[in-house]
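Letters A, B, ... mirror the listed sequences (proteins, then strands); counts begin at 1.
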Amino acid sequence: MSNRSEIPVRTRYAPSPTGPQHIGGIRSALFGWLFARHHGGQFILRIEDTDQKRSVPGSLERILESFEWLGMDIDEGPQVGGDYGPYIQSERLELYQTWAKRLVEQGTAYKCFATTEDLAEMRASGGGYDRRYRDISAEQADRLEAQGKPYVIRFKMPLSGQTTGVDMIRGEVVFENAQLQDAVLLKSDGFPTYHLAHIVDDYHMKISHVTRAVEWLPSFPLHIQIWEALGWEKPQFTHLPVLLNPNGKGKLSKRKQQFAADGKSVPVLAHEFIAAGYLPEAVMNFLTNIGWNFGDNREVFTTQEAIERFQLEDVNPANSAYPIAKLDWLNSQYIQDAAVDDLARRLKPVLEAAGYAVDDDLLRRVVPLLQVRLKTLNDVVAMAGFFFADWQAFEAPPSEVLIQRKMDSAAAATVLSGAIPVLQRLDDFGSETQHSVMAAYAKDIGYKNGQVFGSLRAAVTGQRVSPPTFETMEILGRTESIRRIELALQALKERA
RNA sequence: GGCCCCUUCGUCUAGCGGCCUAGGAUGCCACCCUUUCAAGGUGGAGACACGGGUUCGAGUCCCGUAGGGGCUACCA
C-alpha cells in the first residue's frame, strides 16, 4: 500500500489514564489507527501516566473496552505486550531519567532550583519562568544539589531564531524560538513531563507518524528542538482537528453535559454510546466522517472501506462542531440494513435490561416490524416491549388511548365489538388477509380505515404508537388478539 | 495580552485557478404514499466571513481585518 516509505508505519494513541474515554480522544486515536491499517502498519497503545495525581484506577480497562467495542484492534500495548514495552510510562522512569541526564551533560538542558513560590512570583509579576538557573555553573548546581535542594530539569530552548515544523495536513509551521519557554523535562519527583516522555517513547517504540490533537501544535517547536538535541531522526507529525461542542462554541467537554438542539443530552463518553443504544459500526462511520470524507458522496461505509481510502493528508484541518444529530440517522441506517438475527441478538439485552424475558423466536418475528422504526436499540422498549411482557397480565389501556380521534366511547365499542366476529371468521389470520377484511369491514360500518385500525391497535398493543396493527395481531395470534379486544370492550363499558 | 491554528448551506462536508448559475449528507419545510409511528419518493428554502491584491479568469493563490479554536503548568 505504501510505496514511498520503506520504514514500517507505526502510529500510537497515548492517553492519560484519567477516567472514562472521551469521544474526542477516541476520534484522534481512530485517525491514527486508520492510517496504520491503511499502510499495513502497527497501532500502539501507550499509557501516559506521568502525572500521578491525575491517574484514575481502572482507566486502562475502560480504554480497552472502548477500543474493543469499536473494533479498533491494538497491536502493541499494555496487556497485549510487544517488543518495545513496557507500554506504561510509569514503568519506564529510568529511561527518561537517563536521557534527561544526557541532555544536561551535553548542555542542552539544565537543573533548575526555582521553587513553586519563586515560580508563582514570576507569574504574578507577569511573565513566565525567567531562566534564572539556565546559566549557573556546574559547581553551583552541584552545591545546591548537595544541599538537598529539589530541582527540575529544564530544556535550554534557543533564545533566538526560528523553528519550522512540518505538519502533514497544514504544511510548514514557523515559530519564533524567543516565544518559547525553557520547558520542564523532568519534574522534581523524578517523573518526566509529557514533553520528554513522549519523545523518548516515540523514538524507542519506533513510531513513524505522530498523530495528536491540535492543542499540541504550540509545543511542536519545543518537541522539534528536543528531538534534535537528542540527535534522533524525527517521525512525521500530524496535528488533528478537535471536536467542538454541538453549538460550535468551545472544545467538546466531558465535564459539562452537553445538550443537542432537541434538548437530548449528548453522548460524549465512550460508554454513553453503548448505553444510548448506538451500534459500534454506526459510531465508527460517524466518527470517520467528521473531518474526513469517503468521497463519491458516500455517507454510509464500512470501516474496511474507510481503511482502503484513508489518508492523513485528506483530513480537514478545521475543528468541527459535534454533529450528533447525524448519528441518529446513521444508526437508523445500520439498523435498517442489519440482518434479522443480528439485530435480534443486539436487541435482546436491551429488552432484558428493561425487565423483559425474551423469547428468541418471538423476537425474530418482531424484529422485521421494527427495523424502519428504531433510531437506537433502546427505542425497542417503548415500541415493542409489550410483545415480551406477560401476556396474561395485559390490561386495557386508558380511554384516551383507546378512543380514536373523532370518536367517542360508544363508537369505539361499536367498532371493536363488530370486529370480533369478522376476525373469528377468518380462515387465515395472516396480516394481509386481516388488512383487506378489516378495510371492507370499515367501509361497511361507515368508519375510516384509520379509525378502525387505530382502535384495534390501541386495544391490542395498549399503545398509540406501535408496529403495524395487523402484523402485530398476526404475531399475537387470533386468540390473544380477540381476548385483548374483549378486554378493551370491557374497559370501555366499565368506564362509561 | 503574546504566540499558533482554523474559516464553503444551521451542522458535517465536496471543491486542491476555468468542469461552480458551488455538489452531497443531515436537520428543517411542503407534497406523495400511508392503519399509528417510521421508512421511502419528489420538491423547496439554505453557504464561498469581509476587504484588498495576483491572474485573461479566484470558493480555489497572497496580504490584511473580523470571527472561532487552542497554547501560554514541576497537566497531558
Side-chain angles (χ1 to χ4, degrees), chain A residues 14-18 25 48-51 53-54 112 114-116 119 123 126 128-129 150-154 165 167 170 173-176 178-181 183-189 191-195 197-198 212-221 239 241-242 244 246-251 261-262 286 289-300 314 316-330 332 336 369-375 379 382-383 404 435 438-439 442 448-458 461 463-471:
Chain A
S16 297
T18 53
E48 308 215 326
D49 60 342
T50 57
D51 184 354
K53 294 185 287 288
R54 298 205 314 160
C112 168
T115 63
T116 309
L119 262 7
R123 221 170 290 126
Y129 172 62
Y151 64 89
V152 300
I153 290 178
R154 284 184 186 269
D167 178 287
R170 277 165 254 267
V173 187
V174 182
F175 302 83
E176 291 293 333
Q179 295 288 337
L180 280 284
Q181 299 211 334
V184 172
L185 260 22
L186 200 70
K187 307 181 227 180
S188 55
D189 62 2
F191 276 66
T193 60
Y194 168 83
H195 303 302
H198 92 272
R212 69 216 318 187
V214 264
E215 47 257 41
W216 292 110
L217 200 49
S219 49
F220 190 17
H239 294 90
V242 297
L244 269 22
N247 61 9
K249 300 283 181 191
K251 205 169 67 155
D262 61 7
F286 169 66
N289 228 352
I290 307 171
W292 184 81
N293 76 91
F294 190 81
D296 297 348
N297 283 336
R298 269 184 68 187
E299 303 285 331
V300 183
D314 294 337
N316 186 335
N319 296 336
S320 314
Y322 187 47
I324 187 64
K326 244 182 170 174
L327 179 57
D328 280 339
W329 172 76
L330 258 179
S332 71
Q336 281 186 58
L369 308 184
L370 264 25
Q371 294 198 268
V372 296
R373 278 169 251 271
L374 303 182
K375 271 204 181 69
D379 293 341
M383 180 66 74
Q404 305 303 295
H435 185 281
M438 291 319 286
K448 291 185 189 306
N449 281 358
Q451 292 177 308
V452 173
F453 300 0
S455 297
L456 288 169
R457 170 198 318 289
T461 69
Q463 299 174 181
R464 221 176 223 138
V465 173
S466 79
T469 302
F470 304 122
E471 275 89 339

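With C1' as the reference atom, B/A22 and B/A58 are 13 Å apart, rounded to whole Å. B/U34 and B/U42 have their C1' atoms separated by 16 Å, given to the nearest Å. Look at the P atom in both B/C5 and B/A39: the space between them is 44 Å, to the nearest Å. Comparing B/C19 with B/C37, their C1' atoms sit 44 Å apart, to the nearest whole Å. B/C4 and B/C9 are spaced 29 Å apart, taking the C1' atom of each and rounding to whole Å. Between B/G23 and B/A14, the distance separating the two P atoms is 15 Å to the nearest Å. Rounded to whole Å, the C1' atom of B/G15 lies 28 Å from the corresponding atom of B/C29. Remark: the separation of the C1' atoms in B/U60 and B/U8 is 11 Å, to the nearest Å.
Taking for each of A/E471 and A/Q336 the nucleotide of RNA chain B with the nearest heavy atom, the 5'-most of the two is the partner of A/E471. Mapping A/G450 and A/S16 onto RNA chain B via the closest heavy atom, the residue that lands nearer the 5' end is A/G450.
Within 4.0 Å (heavy atoms only), A/P17 reaches no atom of the nucleic acid at all. Within the 4.0 angstrom heavy-atom criterion, base atoms lie near A/A114. Counting non-hydrogen atoms under 4.0 angstrom, A/S466 reaches a base of the nucleic acid. Counting any heavy atom pair closer than 4.0 Å across all strands shown, A/G250 reaches sugar-phosphate atoms only and no base atom. A/P317 comes within 4.0 angstrom of sugar-phosphate atoms only, judged by non-hydrogen atoms across all strands, and of no base. Among the atoms of the strands shown, base atoms are found under 4.0 Å from some heavy atom of A/L119. Using a 4.0 Å heavy-atom distance criterion, A/P467 is classed as a base contact. At a threshold of 4.0 angstrom between heavy atoms, the contacts of A/Y322 with the nucleic acid are absent. Residue A/T469 is in base contact, counting any heavy-atom pair closer than 4.0 Å across all strands shown. Among the atoms of the strands shown, base atoms are found under 4.0 Å from some heavy atom of A/W216.
Taking 4.0 angstrom as the limit, A/H435 places a side-chain polar atom (N or O) nearer than this to OP1 or OP2 of B/U35. In terms of phosphate contacts, A/T50 brings a side-chain nitrogen or oxygen within less than 4.0 Å of OP1 or OP2 of B/A76. Look at A/K187 and you'll find a side-chain N or O under 4.0 angstrom from OP1 or OP2 of B/C75. OP1 or OP2 of B/A14 sits under 4.0 Å from a side-chain N or O of A/N293.
Comparing B/C4, B/U35, B/U26 against the side chain of A/F453 picks out B/U35 as the nearest. Considering only the side chain of A/W329, B/G27 comes nearest among B/G27, B/C4, B/U35.
Remark: P of B/C48 and CG of A/N316 are 18 Å apart, rounded to the nearest angstrom. Rounded to a whole Å, the CD atom of A/E176 is 16 Å from the C1' atom of B/U72.
Between the side chain of A/R170 and the base of B/C5, no donor-acceptor pair of N or O atoms lies under 3.5 Å. Within 3.5 Å, no donor on the side chain of A/E215 pairs with an acceptor on the base of B/G69, nor the reverse. Between the side chain of A/R464 and the base of B/U36, no donor-acceptor pair under 3.5 Å is found. Counting atom types as modelled, A/S188 pairs a side-chain N or O with a base atom of B/C74 as donor and acceptor under 3.5 Å.
In this structure, B/A58 forms no base pair with any nucleotide, since neither Watson-Crick nor G-U wobble geometry is met with both distances under 3.5 Å. Base pairing analysis places B/U35 opposite nothing; no Watson-Crick or G-U wobble pair with both distances below 3.5 Å involves it. In this entry B/A73 has no Watson-Crick or G-U wobble partner, no candidate having both defining distances under 3.5 Å. Look at B/A30: its Watson-Crick or wobble partner, with both distances under 3.5 angstrom, is B/U42. Here B/C48 sits opposite no nucleotide as a Watson-Crick or G-U wobble pair (both hydrogen-bonding atom distances under 3.5 Å).
In terms of heavy atoms, A/V242 sits closest to A/N319 at N-OD1, 2.9 Å.
Atom NZ of A/K448 has 12 or fewer heavy atoms from other residues, nucleotides or ligands within 6.0 Å.
Judged purely by atom type and a 3.5 angstrom limit, A/D167 uses its side chain to pair as donor or acceptor with the backbone of A/H239. In terms of modelled atom types and a separation under 3.5 Å, the side chain of A/N316 and the main chain of A/A318 share a donor-acceptor contact. For the pair A/T193 (side chain) and A/V184 (backbone), a donor-acceptor distance under 3.5 Å is present.
For the residue pair A/R54 and A/T18, no side-chain donor N or O sits within less than 3.5 Å of a side-chain acceptor on the partner.
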